[in-house]
Amino acid sequence: MRLLALHHYSDLCQELARVGADPASWGIFAAKAGGLAVRLEGLSQAAANILKQTALICGADCAVNRDVITGRIRRSDAVLFGTARQLRSVAQRLSGQPSCAARLAGEIDLAVARATGRKLSWRVGNRLFKLSQRVHLMGVVNVTPDSFSDGGRYLEPEAAVEHALKLEGEGADIIDIGAESTRPGSRPVEPAEQIRRLRPVLRRLSRECRVPLSVDTMSSRVAGFAAREGVAAVNDVSGFSADPAMARTVARAGMSCVLVHIKGRPRTMQRRPVYRDLMAEIVGGLALAVSRAESAGIDRNRIAVDPGIGFGKTFAHNHEILRRLSELRTLGLPVLAGVSRKAFIGELTGGDPANRLEGTIAACLAAVMGGARVLRVHDVAAVRRALAVFEAIFPSQET
Ligand code: HH2
């Protein structure tokens, strides 16, 4: 099961083509794509027929392969369209049908629960971020000589500490400190060097900063060191895939984590990344990362997921991710988005990374509209002000 966000006609057509629905029906589905859309996979011909008929009885609709009706195909995927209420009644009716169709009832119920669930929180250290009440901000501090937007500015421990405290004062809920740039083309930084850069900064911040700290690293050695210095979370842009000991280290230390989707590794990730099905690969990759984390013993309420804007993605991929971000609701976990100052913004507005504020705010708000509840940003004060306006227009709907 995967929730789809098909509010844009081109995304709808792409998904209907994938299922093999008759192009003559695409216009009909366009009128129904305003509610929920759920992709279901590998249905037998009988199950696809039963699902389609049940959907129609309940006022919903369902796209299946055009050859289901002719009997020339044995298996088909499906996209089910309808309101939450309609889909619940589809699920209820299916549960009384033959087992090939009845097994879909649980998947459809889960999809509706994930799409309509309003309470989201993320435990970090001893704090509980109530994400359904307001969007939270992760402020970025790069203790690096070469980060794409602020490399070299905070390499001196004094400057890094001062900057982190400034971001805290501006309203950051968590401060993310990195000692290794992951910009396209960057080379790995040895754990010992990351630790050397981090040590004086973490030592002071863990005493002086009142909000929790996270460390941006793919190395379990660095994560273990950070835990001993009082850091509450690990932000791993490889989603625990780069270092096999990472999940265990985070679990043992009782830390929280951000699991990011990446295709490839920073050094080569932007060399013409290709996806067969972008959103399916991102949601599938994150689901795998989450199961890696949970099997190691990390509590589910300590995990946030991130689609990895710019991590093995073209500019067009980044646009599609932001347009369809609400598909990550499939995972039932808080979504963090990192769009701040990135190249896909500069490509549209011009300007070097430090001059991409308007585009950053636009992309942040697009991410929030798609369900992101934590934003990783360099410009905390400005994004906080933009959110004050946005959240007055769209107040929290927590009941
Ligand atoms: N982006 C960067 C680094 N870490 N972490 C998460 N969770 N999501 C992101 O999108 C993300 C991230 C890249 O930004 P920055 O840290 O400013 O640059 P650099 O990697 O060059 O230090």
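Residues: numbered from 1 along the sequence shown. When a ligand or atom number is given, it counts from 1 through the structure's own listing order.
Residue contacts with ligand 1, taken as heavy atom pairs separated by less than 4.0 Å, do not involve Asp176 at all. Counting heavy atoms under 4.0 Å from ligand 1, residue Thr182 touches it through both backbone and side chain. Contacts with ligand 1 closer than 4.0 Å are made by no heavy atom of Asp146, backbone or side chain.
Geometrically, ligand 1 and Glu180 share no nitrogen or oxygen pair separated by less than 3.5 Å. For a threshold of 3.5 Å applied to N or O pairs, the pair formed by Asn142 and ligand 1 contains at least one separation below that value. Looking at ligand 1, you'll find an N or O of Gly338 within less than 3.5 Å of one of its N or O atoms. Of the N or O atoms in Thr144, none lie within a sub-3.5 Å distance of an N or O in ligand 1. The shortest N or O to N or O distance between Phe148 and ligand 1 is under 3.5 Å. For ligand 1, none of its N or O atoms has an N or O atom of Asp150 under 3.5 Å away.
Side-chain N or O atoms of Ser121 include none that pairs as donor or acceptor with a backbone N or O of Phe129 at under 3.5 Å. Side-chain atoms of Gln86 come within 3.5 Å of backbone N or O of Thr83 as a donor-acceptor pair.
Which parts of ligand 1 touch Val260 is read off a 4.0 Å heavy-atom cut-off, strictly below it: atoms 6 (C), 7 (N). Atoms of ligand 1 lying under 4.0 Å from at least one heavy atom of His378, given by number and element, are 17 (O). For ligand 1, the atoms lying closer than 4.0 Å to a non-hydrogen atom of Ser147 are 19 (P), 21 (O), 22 (O). With ligand atoms numbered from 1 in the order given, ligand 1 contributes 20 (O), 21 (O) to contacts under 4.0 Å with heavy atoms of Arg183.
Ionic pairing of Asp109 and Arg88 is not present here: no N-O contact between side-chain nitrogen and carboxylate oxygen is shorter than 4.0 angstrom. Using a cut-off of 4.0 Å between Lys/Arg side-chain N and Asp/Glu carboxylate O, Arg18 and Asp77 are scored as not salt-bridged. Between Asp173 and Arg127 there is no salt bridge, since no side-chain nitrogen of the basic residue lies less than 4.0 Å from a carboxylate oxygen of the acidic one. A salt bridge between Arg329 and Glu327 is absent, with no side-chain N of the basic residue lying under 4.0 Å from a carboxylate O of the acidic one. Between Arg2 and Asp277 there is a salt bridge, with a side-chain nitrogen of the basic residue lying less than 4.0 Å from a carboxylate oxygen of the acidic one. Lys166 has a carboxylate O that lies under 4.0 Å from a charged side-chain N of Glu170, or vice versa, which qualifies the two as a salt bridge.
Contact annotation: Lys342 has at least one heavy atom less than 4.0 Å from an atom of ligand 1.
The side-chain tip of Lys263 points at the ring of Tyr275 from less than 6.0 angstrom away and within 45° of straight on.
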